[in-house]
Amino acid sequence: MSLRARFIVGLIGLGAFCGSPAVAQVLKMDYQNNRMSGSLRSGALEVSAQQQRRINEAGSNVLKPLAVVRVNGIEVGRLVGAEKWDSSPAAVVQIAEMDPANPYPEVLLSSFTGGAHCCNQIQVLTSDRSGKIWREVTLGPFDGGDSPAEDPLRNGRFLIVDVDNRFLYRFACYACSTAPARIWELQGDAFVDVSHRPDFKPIHRRNLQRMAEWFQQKNNESPNGFLAGYVANKALVGELYDGWDRMTQRYDSSSNWGLKECKDNLDDNGKCLGREIVYTSFPEALRAFLIDTGYIKPSGEQ
């Protein structure tokens, strides 16, 4: 199960904090659903979608999802998703209200590129405030498969809700890593990270409830991968210092995973081409990482 899947399992039941979920139209295209094309409509907005087969520049026989968007029968844009080389293409097309500042709902295309942990590619077609100019906004790629936008606050505004991929492999292996939720809101022609907004504390607290089981276990392997995500989650609910104290009691001081950080590019052999920082301990490396990712301030405060 991917980290995103584990996060969604933890998110089930969030409705207890909020009202009824808003409704969005979703079209899932894959062989499992026995659907490779379809259409969606919301008022004057219509989307026609299909998995197109083609021979790419490398000479491979691939499938690529295409969503054509029309308003009152006139094409205003199209989204072309990720290629899949195997026989299991996966894509989600969705009409959802992601930015109420314009007159039309958005069209989202989420497609899976393939691979053990990767990747979900997200593309959104949105109009300007006049409704006349449409543009594509992209986000990702993310760990896990294709997925639609969600309405975690049950207020009718759909958001991209995922795990913070920056934690994956950072201090431990993929399966040993834990990551907090990361939430993006579409604002005009850009996605904005709104994970730290107080509205989303119920999501982060629910994650912490799930994480509490870890502390009841003994001899946890590769604890640093879990503790990094745990401390970040505690910071999101205003409990950084409590989380930090628990981390210092349980981290593995013998692990050197994540104690080297390259601030520039790597060559083909993985060698740092520029400045490299070597930390003396996991807490030191974690502090720097949480500052870089915005979970704590450079002063060490929340």
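From a predicted model like this one, the values you see are computed outputs, not experimental measurements. All residue numbers refer to positions in the sequence shown, counting from 1.
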When you compare the side chain of [Y] with that of [X], does any pair of heavy atoms fall below 4.5 Å?
X: Y104; Y: V76; result: no
X: E261; Y: D292; result: yes
X: D146; Y: M29; result: no
X: E221; Y: C176; result: no
X: Y279; Y: R287; result: no
X: P105; Y: L45; result: yes
X: R197; Y: E185; result: yes
X: V137; Y: E106; result: no

Could you tell me the separation between the [atom1] atom of [X] and the [atom2] atom of [Y], rounded to the nearest 0.5 Å?
X: N233; Y: F167; atom1: CG; atom2: CZ; result: 8.5 Å
X: D267; Y: L273; atom1: CG; atom2: CG; result: 5.0 Å
X: S48; Y: R70; atom1: OG; atom2: CZ; result: 5.0 Å
X: D128; Y: D99; atom1: CG; atom2: CG; result: 10.5 Å
X: D252; Y: L227; atom1: CG; atom2: CG; result: 10.0 Å
X: L236; Y: R205; atom1: CG; atom2: CZ; result: 10.5 Å

Identify whether [X] and [Y] are in the same connected component of the hydrophobic contact network (ILVMFWY, side-chain heavy atoms under 4.5 Å).
X: L63; Y: V80; value: no
X: V92; Y: L27; value: no
X: V161; Y: Y295; value: no
X: I291; Y: I277; value: no
X: Y251; Y: L208; value: yes

Contact summary for [X] and [Y], nearest pair of heavy atoms:
X: L159; Y: P152; result: CD1-CG, 3.8 Å
X: G258; Y: R170; result: O-NH1, 3.2 Å
X: S110; Y: N120; result: OG-OD1, 2.5 Å
X: D162; Y: W184; result: CB-CZ3, 4.3 Å
X: E97; Y: P100; result: OE2-N, 3.3 Å
X: L125; Y: E136; result: CD1-N, 4.0 Å

(request) Salt-bridge test for D245 and K234: reply yes if a basic N is under 4.0 Å from a carboxylate O, no otherwise. (result) no
(message) Less than 4.0 angstrom from a charged side-chain N to a carboxylate O is my criterion; do K201 and E239 meet it?
(response) no
Heavy-atom count check: over 12 atoms from other residues, nucleotides or ligands less than 6.0 Å from [X] [atom1]?
X: R135; atom1: CZ; value: yes
X: R250; atom1: CZ; value: yes
X: E213; atom1: CD; value: no

(message) Given M98, which partner from the list D151, L108, V107 fulfils the side-chain contact (heavy atoms from CB on, under 4.5 Å) test?
(response)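 It is L108; the other options fail the test.
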Determine whether a donor-acceptor pair (N or O, by modelled atom type, separation under 3.5 Å) exists between the side chain of [X] and the backbone of [Y].
X: S255; Y: W257; value: yes
X: D264; Y: R275; value: yes
X: S111; Y: A91; value: no
X: S195; Y: I183; value: yes
X: T113; Y: A82; value: no
X: Q121; Y: G140; value: no
X: Q94; Y: A149; value: yes

(request) Applying ring-ring contact (aromatic ring centres under 6.0 Å, His included), name anything that partners F191, two or more places apart in sequence or on another chain. (result)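 If we apply the ring-ring contact (aromatic ring centres under 6.0 Å, His included) test to F191, skipping adjacent residues, there are no hits.
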(message) Please tell me whether T126 and N102 have a donor and an acceptor in their side chains that are separated by less than 3.5 angstrom.
(response)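 There is such a pair (donor and acceptor under 3.5 Å, judged by atom type) between the side chains of T126 and N102.
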(message) For F289 and F171, take the angle between the two ring planes, folded into 0 to 90°, and tell me which bin it lands in: parallel under 30, tilted 30 to 60, perpendicular over 60.
(response) perpendicular
(message) Please give the remaining members of the hydrophobic cluster of I55, linking ILVMFWY side chains under 4.5 Å, ordered by chain and number.
(response)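 Members alongside I55: none; it stands by itself.
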(message) Suppose we call two aromatic rings close when their centres sit under 6.0 Å apart. Are W214 and Y230 close by that rule?
(response)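 W214 vs Y230: aromatic centres not under 6.0 Å.
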